[in-house]
Amino acid sequence: MQANRSTKPCLGALLAFSLVVSLQASAPESADFGSQEFNDSALIGMLYDFKQTQQREKVPMDYKKYYAAIEDFIESDFDESTLSQYFRATKALYTTQIFIPHRSARDGPKAFAVEDLVKPKYWLIHYKGQVIPPKAGNYQFAASADGFIVIAVNGKTLLIKHNSNDDTYLKQFGGRLSYRAAKSRLRLSLPFSSDGVTPIDLDVLIGDAGGEFNAFLLYSEVTKNPTDPFPVFQLSSADLPPGLAPETRIPSENWKGIP
């Protein structure tokens, strides 16, 4: 059953609501990061901890080293061997959307059942998969996160967005800023084209240096009016938190995940 499209609070109000809910019950919200149930048409996500090796040996880490490592991964064209020195959760998660309302950063490791092994800071989740947009056209993503989100299509980085919009932490990349999202703003990605038939490789990075976290992935057709609501990126229909903003809507057609 889809979420109510007639609700009118702004996206910032949605996030404020979500923060209250997350403080009341954090355990169920960990599912927003994905499910351990195998789904070959979903994005597959793996969690990395930059504070330790796979052998659980401590790796000295701070903001500068963390974001430098993230940029190295991006510049490697998302070659996961670049992350081989870091701890990786054993189990993957499968998700059909990235719409994670505001909560504690501890929910990331908790979703991967490694909360006893990974402290809630300096972690990264890499989601990847092959997808097809609903129809042929020119598209752009709209995304925001606290700490950060990175999006690449066919190996080409189209967006890098840090909550602070400050290049001190992570070099920002993409199009203009748009609607507000929590304490930040959505950023539009560079555009890309699809024939509506050929699968595209999609890489999405989300991560946090500690504290609070959220992540939102939406999209639009480039030819659309820039003030139109953004549909949520979804590979299957799913409920979203109440209070969906007028700038955001459930898509009329889902993207297709390729097994």
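All residue numbers refer to positions in the sequence shown, counting from 1. Fair warning: this is a prediction, and the values are worked out from it, not measured in the lab.
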Identify, with sequence neighbours excluded, every residue that meets salt bridge (charged side-chain N to carboxylate O under 4.0 Å, His left out) alongside [X].
{"X": "Glu221", "answer": "Lys135"}
{"X": "Lys156", "answer": "none"}
{"X": "Glu80", "answer": "Lys128"}

Which residue, Pro231, Pro134, Pro133, forms the side-chain contact (heavy atoms from CB on, under 4.5 Å) with Glu253?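 Looking at Pro231, Pro134, Pro133, the match for Glu253 under the side-chain contact (heavy atoms from CB on, under 4.5 Å) is Pro134.
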Charged N-O contact under 4.0 Å between Asp62 and Lys64: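 A salt bridge is absent here (no side-chain N lies under 4.0 Å from a carboxylate O).
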Could you tell me whether the side chains of [X] and [Y] share a donor-acceptor contact shorter than 3.5 Å?
{"X": "Ser220", "Y": "Gln140", "result": "yes"}
{"X": "Asn138", "Y": "Thr223", "result": "no"}
{"X": "Ser184", "Y": "Lys161", "result": "yes"}

Kindly indicate whether the side chain of Asp203, heavy atoms from C-beta on, has any atom under 4.5 Å from the side chain of Ile151.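 When only atoms from C-beta onward are counted, Ile151 and Asp203 do not touch, as no gap falls below 4.5 Å.
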Got Leu117 and Arg56 here, is their nearest side-chain heavy-atom distance under 4.5 Å?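 Of all side-chain heavy-atom pairs linking Arg56 with Leu117, at least one is under 4.5 Å.
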Tell me whether the rings of Tyr219 and Tyr139 are parallel (<30°), tilted (30 to 60°) or perpendicular (>60°).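 Tilted.
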What do the steps show when you test Arg249 against Asp228 for side chain to side chain contact (heavy atoms under 4.5 Å, CB included), and what is the final call? CA-CA 10 Å; Arg249 66 176 177 84; Asp228 286 348; over 6 Å; no
Spacing of [atom1] belonging to [X] relative to [atom2] belonging to [Y], to within rounding of 0.5 Å:
{"X": "Asp166", "Y": "Gln172", "atom1": "CG", "atom2": "CD", "answer": "7.5 Å"}
{"X": "Met61", "Y": "Tyr122", "atom1": "CE", "atom2": "OH", "answer": "8.5 Å"}
{"X": "Gln52", "Y": "Gln85", "atom1": "CD", "atom2": "CD", "answer": "12.5 Å"}

Please check if the number of heavy atoms outside Lys256 that lie under 6.0 Å from its NZ is greater than 12.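 It does not: Lys256 NZ has 12 such atoms or fewer within range.
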Kindly say whether the aromatic ring centers of Phe213 and Trp123 come within a distance under 6.0 Å.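 Ring centroids of Phe213 and Trp123 are less than 6.0 Å from each other.
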Using the benzene-type ring in the case of Trp, are the ring centres of Tyr169 and Tyr66 under 6.0 Å apart?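 Tyr169 vs Tyr66: aromatic centres not under 6.0 Å.
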Nearest heavy atoms of Asn214 and His102, plus distance in Å: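 For Asn214 versus His102, the nearest heavy atoms are ND2-ND1, 2.7 Å.
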